[in-house]
Amino acid sequence: MKSAQSTSTQAGVAIRAAVAAIPRGCVASYGEIARRAGLPGRARLVGRVLGEAGAASLPWQRVLRADGRIAFPVGSRAFREQVRLLAAEGVRVHRGRVDLAAFGWDRDLDRLLWAAPRPGRRS
DNA sequence: TCCTTGACCATTA
DNA sequence: ATAATGGCCAAGG
């Protein structure tokens, strides 16, 4: 058979590997996954691949939009499912959105801890 | 073959 | 904060 869906292409394999690598309790954006998969600028392809069959065994719930919001319509079946799965691994979702500074995979901890404005450093 | 759609994103206003 | 725009590119009609 030659049904070469995106999930069986090289890109698909790389994307799935990147998603599988997201640590439990963390989240990453579609764009970030694309970048890690060696496909910068192809966030939409990530969404497509996750939509295809085979994503069931992946931690797809850890993939969010760049602003931390869930990519499904609020209240939809997939939306509720994603919220449930994330909550199950300790990721807090508030109003369909996750705080990337707190749960983001690539968050820079140093910058986060020192985020408080220091006196004498610009306003 | 052209056109539309989409689990997206960065920039600009 | 929201809205419009252009880029991205694989599927499906």
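Basis for what follows: all heavy atoms, side chains included, without hydrogens, waters or symmetry-related copies. From a predicted model like this one, the values you see are computed outputs, not experimental measurements. Chain A is the first sequence line, chain B the second, and so forth, proteins listed ahead of strands; every chain is numbered from 1.
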Euclidean distance for C1', B:dA7 against C:dA4 (whole angstrom): 22 Å
How close do A:A28 and A:I22 get, counting heavy atoms only, and between which atoms?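 Heavy-atom minimum between the residues: CB-CD1, 4.0 Å.
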Work out which heavy atom in A:P73 is nearest to a heavy atom in A:F79; give both atom names and the distance.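 Shortest heavy-atom separation between A:P73 and A:F79 comes out as O-CB, 3.3 Å.
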Using OP1 and OP2 only, check whether a side-chain N or O of A:R42 sits under 4.0 Å from C:dC8.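 Negative; the distance criterion is not met.
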Give the first and the last nucleotide of DNA chain B, reading 5' to 3', that has any atom under 4.0 Å from a heavy atom of chain A.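 Under 4.0 Å from chain A, the extent on DNA chain B is B:dG6 to B:dA10.
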Expressed in angstrom and rounded to an integer, what is the separation of [X] atom [atom1] from [N] atom [atom2]?
X	N	atom1	atom2	answer
A:R35	C:dC8	CZ	P	18 Å
A:L50	C:dC9	CG	C1'	16 Å
A:E52	C:dA10	CD	C1'	9 Å

With the criterion being N/O to N/O and under 3.5 Å, what pairs connect the protein with nucleotides 4-7 of chain C, and how long is each?
none

Close side-chain approach of A:V63 to A:V27, heavy-atom, < 4.5 Å: no
Can you confirm whether A:L86 sits close enough to A:L64 that some side-chain heavy atom of one is under 4.5 Å from a side-chain heavy atom of the other? yes
Partner residues of A:E32 under the side-chain hydrogen bond (donor to acceptor under 3.5 Å, both in side chains) criterion, sequence neighbours left out: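 Scan of A:E32 (side-chain hydrogen bond (donor to acceptor under 3.5 Å, both in side chains), adjacent residues dropped) gives none.
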Main-chain N/O of A:R24 paired with A:E89 side-chain donor or acceptor, under 3.5 Å: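 The answer is no, because no donor-acceptor pair under 3.5 Å joins these two groups.
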For A:W60, does the six-membered ring have the charged nitrogen or CZ of A:R16 within the cation-pi criterion, i.e. under 6.0 angstrom from the centroid and within 45° of the normal? no
Compute whether any side-chain donor of one residue and acceptor of the other, for A:E81 and A:Q61, lie under 3.5 angstrom apart. no
Looking for any heavy atom pair under 4.0 Å, which part of the strands does A:G51 touch: base, sugar-phosphate only, or nothing? base
